[in-house]
Amino acid sequence: MSAAHWSSGAGATDTGPRARNEDSFLSAGAVHIVADGMGGHVGGAAASAAAIEAFRDLATRSSVTPADVTSAVATAQQSVIEVGQRAGADSGTTLTGAIAVEHEGQPWWMVINVGDSRTYQLDGTHLHQITVDHSHVQQLVDAGRITAEQAAHHPDRNIITRAIGDGVDGFDAWLVPVVPSSRLVIASDGLTGVVPSELIGSVAGLADTDADAAERLVEAALRHGTGDNVTVVVAHAAATSTPDDAVPDPWPMWPVDFDDDTTDVSQRRESAE
Ligand code: MG
């Protein structure tokens, strides 16, 4: 870890039964992210690496704002488009994770997502999924046509509806209050597609360290016969918390839109409901 920061974390990855690992991750300084690339030949690996690279500078800073994160996502979009142009094929990547930001003078987790990798928050050993997959099966679930359980086994479960590199602006973002020592789990679908969330929660909640938790979760995915690359980052805030009076309501998290200069959280919350 570079500058002493209130967040820390660790990651682990394994190629699984695939020929190459197209996942990438970064867990350093304020940045804890996972990217799952797709594209022919080396395109997928290059796409996920390029998206991660766009956040490398933020990882060296002692303070990061939501606007910094928004601009890193825009850089990631551009970089992955260029990867595709060089590869002469469509390249894309998922991108999710948590960045430790300062917003209106207070510490927050800014959780971001494009695609179907996932970011969860742990409450003890109970896992709350923060991100909402950009996937075909999630759309079917939202429409009430299939259940979440059916989605997990659906033949089209690998079809995603958004990716970094698709040229579409915008991304999902949430501000999540920082709770000391509460872990965040960030993972590619090589984990979440095969390991039940109850088991992810108990493994991540009971491990001694973030590094231990990440490694054990990767091992669990391999043991459960994952057919994919698997990548896990586990992060936590050491001794910092978002003050109660900075949280407008007993609301665990809410979607925010940082596309313009207005970042008034309570206002955004109204419009999100
Ligand atoms: Mg994958």
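Remember, it's 1-based here, ligands and their atoms both numbered in the order they're listed. The first residue in the sequence is number 1, and the count goes up from there. Scope of the values below: all heavy atoms of this structure, side chains included, with no hydrogens, waters or symmetry mates.
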Discussion item. Is it the case that the ring center of Trp6 lies less than 6.0 angstrom away from the ring center of Trp108?
Written reply: no
Worksheet item: For Asp212, does the CG atom sit with more than 12 other heavy atoms under 6.0 Å from it, leaving out its own atoms?
Response: yes
Item to complete: Test His134 against every option in Asp172, Thr96, Thr94, Asp166 by the side chain to side chain donor-acceptor pair (under 3.5 Å) rule and name the one that passes.
Response: Asp172
Worksheet item: If you look only at pairs with a residue in residues 194-204, which of them pass as a side-chain hydrogen bond (donor to acceptor under 3.5 Å, both in side chains), with sequence neighbours excluded?
Response: none
Worksheet item: Salt bridge between Arg61 and Asp68, side-chain N to carboxylate O under 4.0 Å?
Response: yes
Worksheet item: Does the side chain of Asp14 come within less than 4.5 Å of Glu219's, by heavy atoms?
Response: no
Worksheet, complete the sentence: Near the Mg ion (ligand 1), protein N/O/S count under 2.8 Å comes to 3
